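Everything on this sheet refers to the single structure shown next.
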Amino acid sequence: MVLEAVRTLQTQGMLPPNVSLEPELERPAQVAHGDFSTNIAMQLAKAAGKPPRVIAQALVQMLQAEAGLMESVEAAGPGFVNIKIKTADMMIEVDAIRQAQRQYGASEAGRGRKLLLEFVSANPTGPLNVVSARAAAVGDALANILQSQGVQVSREYYINDAGKQAHLLGQSMYATLKRKEDPDYPFPEGGYEKDYVAATATASADAGGAALREMNEGDAIIHHKEYGVQEMVKRHQKSLEEYGVKFDRWFYEHILHDKDKVQAVVDMLREKGHIYEKDEAVWFASTKFGDDKDRVLKKSDGGWAYMAADIAYHVDKFQRGYTELVDLWGPDHHGYIARMQAAMQALGYKPEQFIVHIVQQVNLLEDGKPVMMSKRGAGKLLEMDDLLADVGRDVARFFFLMRSTDSHLDFDLDLARQHSEDNPVYYVQYAHARICSILKKAAAEGVVLTSTMQSLGDQFRPEPEELALVRQLTAYPEIVEVCARTLEPHGLAFYLRDLATVFHRFYTVCRVVDASQPGRTQARLAIADAVRSILRNGLGLLGISAPEAM
RNA sequence: GCGCCUGUAGCUCAGUGGAUAGAGCAACGGCCUCCGAAGCCGUGUGUCGGACGUUCGAUUCGUCUCAGGCGCACCA
């Protein structure tokens, strides 16, 4: 709506210059600067050859002529034009929020996009760790956010069941059993030695029965590998399910090999002239696409390198009809990005069709000191399940979503365990529960919310706290849009905390249910209901519950 | 040595090229006869790691540099 005004503003602004600039409209950080402001005058200053303040003044005069829904418009600072919306018009947005319910903040802007989001994808050789928990929280929230913008999103989990690590798991299981009878039997180098390996190995032996005992070593290891991988995948699925993350598809690497997809993709690269042989290995000339060295796809021993299958996997995603691929990878994979992007470009895909975000490492802190964790060493193994059992899924998710994905994250366990005001999750959830409580109280007193802000019109004179609250509410759609565009959900977590703050302030100052002031009660109930709706929507996108009572 | 991430208040971190750089925690002091005190209000702190550049304007963009972390396999 305001954009139209700025457009006409632009044509009028043509008086001095004949260049047209994209007017930027933004929401100022400070209330004193109005609801919207534009820096157009400063951008035009050079072309117009006039000081920005002079241009701003001219624009203000023209805008005032067609006041419309603007309360005021004024020039300020070095040349900003600040616009204030009429409060009644601002309040009407409350009606829109209440009417749209879950749809508020949703958009159709992403319609037609088919995006595949791959995340977690941990090796099926052990339990999920806390980085996986972080990736799961981020990926799930991201998928929700993108879906709310109309993007068709699939959540996918890739299982490396065909490589060396999976094989090593099988070997470890075999060796663990073997060593019970023969303590001198060699344990594979870098093998998995945790308790769960022994337990899984025993179960696998039982499942294999007599047939297993007849097998030669190689076949027995494969039996254990397949059993072990299945077992680990089941555990991953269970952990993620308890976390509330549902994947649309669990994709096994071995399918690619079974269907010769790996060979096919190497052939595709070869046709395009990006493949050569050297030292009995097959190489991909990734340096042609910005990588710092060429990469081996087929090893001199005849086996496929991990990357070959991974390229095939990503091509498979495109072949399934997805036009955008987004991957969340762990911190140990960031050196891998350049070569995969090189591969996708070599195959003719555009850089923006394949985006990788790194989910950075997590440091768990207890008493201000880091909790030891290590994947294979003797240190205390910190599993995702342990974390969830400790702090709960809402807390875990919110803590993960409060940081930008690319930053290392210090997870303060002591704070996360607190069920108090200090814990930001409860702070937000409390606001929601509080509103539900107010609405219940109103119902108990026989107060029914029948009015709209539209119908109340100018009768309702909002307090500053109410204005601030409604202003914060109206920012919601834009927040979600930015999160979707940047593929970073943390802005939404911050927004919700800020909304809770503004609501709590409103609550202390403004009594909602007041029999002596029915009109005001109607307005405040409507505002509270709108806040409740947005808290629920926002928490929902983050995968966090919005309890009605705590 | 090369690459990626991060340097913003005592701590943990926000900050889509704009106005006086923000929040939470921690510290101290207030506020419940009244819809949930898991709440609110007040008190203050910054060479935005440093240098140079682009710009009307840089915490934001570029180059260099310093510090911390993580990667640099015919492992996955």
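No experiment lies behind these values; they were computed from the predicted model shown.
Checking A14(B), G36(B), C40(B) against the side-chain heavy atoms of M550(A) singles out G36(B) as nearest. The listed nucleotides are C5(B), U16(B), A37(B); the one nearest the side chain of D406(A) is C5(B). Of the candidates U6(B), C41(B), G3(B), the closest approach to any side-chain atom of R505(A) belongs to C41(B). Distances from the side chain of H333(A) to the nucleotides A76(B), G36(B), A19(B) place A76(B) closest. When distances run from any side-chain atom of S404(A) to the nucleotides A14(B), A37(B), C41(B), the shortest one goes to A14(B). Set against A14(B), C35(B), C40(B), the side chain of K441(A) has C35(B) as its closest nucleotide. Comparing C74(B), A19(B), A76(B) by their nearest atom to the side chain of D279(A) picks out C74(B). The side chain of S300(A) lies closest to C74(B), out of C74(B), A76(B), G3(B). Nearest nucleotide to the R339(A) side chain, out of A76(B), C40(B), A37(B): A76(B). Side chain of Q361(A), nearest nucleotide from G3(B), G69(B), C13(B): G69(B).
Of the possible polar contacts, one joining the S148(A) side chain to the I145(A) backbone as a donor-acceptor pair under 3.5 Å is found.
Atom CH2 of W304(A) is separated from atom C1' of A76(B) by 17 Å (rounded to the nearest Å). At whole-Å resolution of the value, CD1 in I479(A) and P in G15(B) are 11 Å apart. Following rounding to the nearest Å, Q522(A) (CD) and C35(B) (P) show an atom-to-atom distance of 20 Å. For the pair L496(A) CG and A38(B) C1', the computed distance is 17 Å after rounding to whole Å. Q360(A) has its CD atom 10 Å from the P atom of G71(B), to the nearest Å. Distance, H432(A) NE2 to A38(B) C1': 15 Å, rounded to whole Å. Rounded to an integer number of Å, the gap from CG of D332(A) to P of C5(B) is 16 Å. With rounding to whole Å, E488(A) atom CD is found 13 Å from C5(B) atom P.
In this structure, R434(A) is not positioned above the aromatic face of F503(A) in the sense of NZ or CZ being under 6.0 Å from the six-membered ring centre and within 45° of the axis.
Note: D410(A) CG to Q361(A) CD = 9.0 Å, rounded to the nearest 0.5 Å.
Smallest separation of non-hydrogen atoms from R134(A) and T405(A): NH2-O, 3.4 Å. Nearest heavy atom pair, residue A338(A) against residue D291(A), reads CB-OD1, 3.9 Å.
Side-chain to base pairing of D498(A) with A14(B): no donor and acceptor N or O lie closer than 3.5 Å to each other. With hydrogens and angles ignored, a donor-acceptor pair closer than 3.5 Å exists between the side chain of H334(A) and the base of C70(B).
Among the atoms of the strands shown, base atoms are found under 4.0 Å from some heavy atom of V513(A). D414(A) comes within 4.0 angstrom of nothing in the nucleic acid, heavy atoms only. Looking at heavy-atom distances under 4.0 Å, K293(A) makes contact with sugar-phosphate atoms alone, never a base. As judged by a 4.0 angstrom heavy-atom cut-off over every strand, A433(A) is placed among the base-contacting residues. Counting any heavy atom pair closer than 4.0 Å across all strands shown, C483(A) reaches no nucleic acid atom.
Comparing the P positions of A23(B) and G15(B) gives an interatomic distance of 15 Å, to the nearest angstrom. Distance check on atom C1': G71(B) versus A76(B) gives 14 Å, rounded to whole Å. Spacing of C1' atoms, G22(B) relative to U60(B), comes out at 15 Å, to the nearest Å. Using atom C1' as the reference point in both U45(B) and A51(B), the two lie 26 Å apart (nearest Å). Nucleotides A19(B) and G36(B) place their P atoms 41 Å apart, quoted to the nearest Å. Across U55(B) and G24(B), the matching C1' atoms stand 34 Å from one another, rounded to whole Å. Here, G49(B) and U8(B) have their C1' atoms 10 Å apart, quoted to the whole Å. Only the C1' atoms considered, C70(B) is 24 Å distant from C74(B), to the nearest whole Å.
A donor atom on one side chain and an acceptor atom on the other are not found under 3.5 Å apart for T521(A) and D514(A).
C13(B): Watson-Crick or G-U partner is G22(B), with both key distances under 3.5 Å. Of all nucleotides present, none satisfies the Watson-Crick or G-U wobble test against C74(B) with each distance under 3.5 Å. Figure legend. A58(B) is base-paired to no nucleotide; pairs are counted as Watson-Crick or G-U wobble with both atom distances under 3.5 Å. Across all strands shown, C34(B) has no partner, as no Watson-Crick or G-U wobble contact with both distances under 3.5 Å is found. Nucleotide C4(B) is matched to G69(B) when pairs are restricted to Watson-Crick or G-U wobble geometry with both distances under 3.5 angstrom. The nucleotide C48(B) finds no pairing partner, because no Watson-Crick or G-U wobble arrangement with both distances shorter than 3.5 Å includes it.
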Requested in this report: Would you check, one step at a time, whether the test ring-ring contact (aromatic ring centres under 6.0 Å, His included) holds for H33(A) with F80(A)?
Outcome: CA-CA 9 Å; H33(A) 297 145; F80(A) 290 97; 7.4 Å; no
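OP1 or OP2 of C40(B) has at least one side-chain nitrogen or oxygen of Y427(A) nearer than 4.0 Å. In this model, the phosphate group of A37(B) is approached by a side-chain N or O of Y507(A) to a distance below 4.0 Å at OP1 or OP2. For the OP1/OP2 pair of G36(B) and a distance below 4.0 Å, the side-chain nitrogens and oxygens of S437(A) include at least one atom meeting the criterion. Between S407(A) and G7(B) there is no side-chain polar atom (N or O) within less than 4.0 angstrom of OP1 or OP2.
In this entry the base of C32(B) is syn relative to its sugar, with a glycosidic angle within 90° of 0.
Residues C510(A) and E466(A) form a side-chain contact, since some pair of their non-hydrogen atoms from C-beta on lies under 4.5 Å apart. A heavy-atom distance below 4.5 Å is not found between the side chains of F119(A) and V326(A).
Residue-nucleotide stacking is present for F80(A) and A19(B), judged by a side-chain ring centre under 5.5 Å from the six-membered base ring centre and planes under 30° apart.
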